[in-house]
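Worksheet: one structure, shown below.
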Number of protein chains: 2
Amino acid sequence: MSTDVSLADVERAAAVLLGVAHRTPVVTSSTLDQRVGASVFLKCENLQRMGAFKFRGAYNAVSAVALDGRSPGVVAFSSGNHAQAVALAARLHGLPSIIVMPSQAPTAKLAATRGYGAEVVTYDLSTGDREAIAADVVARTGYALVAPFDDPAVIAGQGTAALEMLDEVASLDVVVAPVGGGGLLAGTAVAVRGRLGDGLGRARLVGVEPEAGDDGRQSLVAGRRIVLDSVPETIADGQQTKALGHLPFAIMRRAGAEIVTVDDDQIVRAMVFLFERTKLVVEPSGATGVAALLAGRIPDVAGRRVGVIVSGGNVDADRFRALIGRAGGA
Amino acid sequence: MSTDVSLADVERAAAVLLGVAHRTPVVTSSTLDQRVGASVFLKCENLQRMGAFKFRGAYNAVSAVALDGRSPGVVAFSSGNHAQAVALAARLHGLPSIIVMPSQAPTAKLAATRGYGAEVVTYDLSTGDREAIAADVVARTGYALVAPFDDPAVIAGQGTAALEMLDEVASLDVVVAPVGGGGLLAGTAVAVRGRLGDGLGRARLVGVEPEAGDDGRQSLVAGRRIVLDSVPETIADGQQTKALGHLPFAIMRRAGAEIVTVDDDQIVRAMVFLFERTKLVVEPSGATGVAALLAGRIPDVAGRRVGVIVSGGNVDADRFRALIGRAGGA
């Protein structure tokens with residue numbers, strides 16, 4: 001695998017994922033269209049296996065490890081959807097997996113990851129160094145590390161969601177995706193630039209970050225990777241990253257992506273809107289694209305055809321209840 | 001239109017609805033399959049236009065009124081999904097509509113019905129007689145009454161949901177649908193008996209009612225329509241009916257349908273399960289089929305292929321929050 005990602009890589013990932021990942025539906029809402037003043041298409045990755053697009057990239061990367069055959073297993077560090085995605089992908093390939101997770105992670109997430117057959121190694125958030133622990137596991141076991149976003153195979157896998165959307169919805173003017181480490185937006189950029197080209201009808205690529213963690217926006221403006229001093233405080237737990245990955249950043253720059261931000265209240269309002277109007281359960285990070293549209297944070301969308309990747313739905317009912325209570329029921 | 005309903009009527013309704021109603025997705029969940037011990041297929045009518053299967057029957061009935069041409073408009077009485085379904089169907093046909101609703105109905109529902117272009121006539125729940133008011137409107141205006149379930153065109157329309165499911169999922173052993181007035185289960189029965197026949201592989205038809213309003217179950221056992229003394233108290237607001245419709249009852253009997261019941265706590269647990277595991281927002285009535293499966297209320301499903309109509313998703317976020325709070329977060 002090269003250190004860059006091409007449309008051919010995304011198309012190969014789509015072939016690898018065929019019959020394994022769900023081909024998720026694209027949903028529309030006339031109320032959303034009216035509110036935004038545009039034609040909006042929601043690519044529902046909350047309905048993906050294990051509830052998020054992360055399955056695509058993890059499966060594609062684990063598949064490459066299995067094909068290569070030199071590593072007897074895979075290892076990953078994550079407290080979120082990537083942990084479960086790698087665990088599930090490993091099980092589907094008959095490979096053992098070791099996932100490094102904070103001992104403070106919700107019991108349900110630890111249990112779910114073990115439920116997918118992974119061995120979970122915990123560390124203390126305040127004193128442990130998860131990268132060092134993972135490196136130690138790699139040295140000890142020879143397992144291959146599956147990075148959450150700074151990996152060509154992962155990025156190629158994430159790009160398959162946009163590829164499916166482009167196959168289903170013609171003539172998109174704008175494509176919107178959430179940004180944490182940037183794997184999803186980078187994969188989306190490769191698919192969109194590869195399919196829609198750079199000529200007439202060049203689509204805009206818009207990433208959405210939580211306002212509290214706008215390192216990606218800052219990075220694109222500055223022309224270099226900005227690293228935040230601390231983990232951003234936001235309800236969008238899928239986007240609590242301090243910096244873009246190196247490869248995602250390079251791909252986004254080359255593709256001319258923009259990044260806009262939303263605050264937590266705008267995210268909750270979007271979650272409630274999606275709940276009530278589209279009957280979809282969407283986690284905070286997954287709702288940032290719709291939040292940006294509803295809050296008018298994406299300029300020049302009037303009358304346009306806008307594709308939005310709704311990236312995940314892993315929010316449990318109690319947390320949803322607490323979040324909408326916090327916003328006064330929005 | 002005859003006073004009975006045949007498979008040909010349901011197929012005609014499907015043609016009328018083509019390109020107008022959504023062809024809703026069928027969703028599966030490996031966790032649900034494990035919990036139930038069966039292969040379960042969820043027909044997602046919560047993703048239907050205006051959020052419930054009711055659009056199908058209302059549109060088919062309003063279409064017949066428009067085609068007939070003798071009535072200058074339509075009238076309906078309902079405090080629930082049927083009100084909005086008739087209002088929307090009328091607007092799509094360019095016909096005026098008058099909807100008789102209790103003045104105590106939630107402001108949001110009154111506003112939504114008016115939002116679909118209907119004239120709303122309110123009455124007081126404790127003193128008014130909605131059927132008399134509707135009859136008066138019919139006499140005064142010549143508008144045609146669209147009944148919520150005791151109408152062949154409505155039943156034929158509701159049957160199209162099952163028809164789509166049968167087209168998509170082979171060899172169903174059991175088909176499950178919620179029962180209020182019985183329009184959905186009757187339409188489903190016509191589709192299933194028409195398509196799967198009475199020979200080898202005869203599918204079981206199972207209706208699900210809230211325990212507090214089991215008039216349908218009682219009626220099938222007694223062999224005659226049982227009418228409850230009062231409106232059943234249950235969170236399943238789409239099933240607060242005192243009796244089955246005459247025509248639905250006759251169709252269910254002939255089709256050999258069974259009816260099982262679930263209590264409110266089982267319904268809430270199913271809503272939470274659907275939220276967390278399938279990322280779908282489902283209203284209480286819409287969740288009764290899954291509730292019955294999870295609670296083991298439907299006998300002999302082990303190893304079977306079970307199709308369930310998830311009938312609607314019209315529950316707002318605040319009510320969802322209150323319902324799951326009531327159950328201690330399930």
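None of the values given here were measured: they were computed from a predicted structure. Note on naming: letters A, B, ... go to the chains in the order of the sequence lines (proteins, then strands), and numbering restarts at 1 for each one.
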Is the backbone N or O of Ala317(B) less than 3.5 Å from a side-chain atom of Glu276(A), with the two atoms forming a donor-acceptor pair by type?
yes
Anything under 3.5 Å between a donor and an acceptor, one on a side chain of residues 89-97 of chain A, the other on a protein residue two or more places apart or in another chain? List them.
unit_1	atom_1	unit_2	atom_2	d
His93(A)	ND1	Ala89(A)	O	2.9

Would the number of heavy atoms belonging to other residues, nucleotides or ligands and lying under 6.0 Å from CZ of Arg277(B) be above 12?
no
Which atoms of Thr278(A) come close to chain B, meaning under 4.5 Å heavy atom to heavy atom: side chain ones, backbone ones, both, or neither?
backbone
Residues of residues 40-52 of chain B with any heavy atom under 4.5 Å of a heavy atom in chain A
Asn46(B), Leu47(B), Gly51(B)
Lys279(A) and side chain to side chain contact (heavy atoms under 4.5 Å, CB included): which partner among Asn314(B), Val310(B), Leu280(B)?
Asn314(B)
Aromatic ring pairing Phe320(B)/Phe320(A), orientation class (parallel under 30°, perpendicular over 60°, tilted between)
perpendicular
Between Val281(A) and Val281(B), what is the shortest heavy-atom contact and its length?
CG2-CG2, 3.9 Å
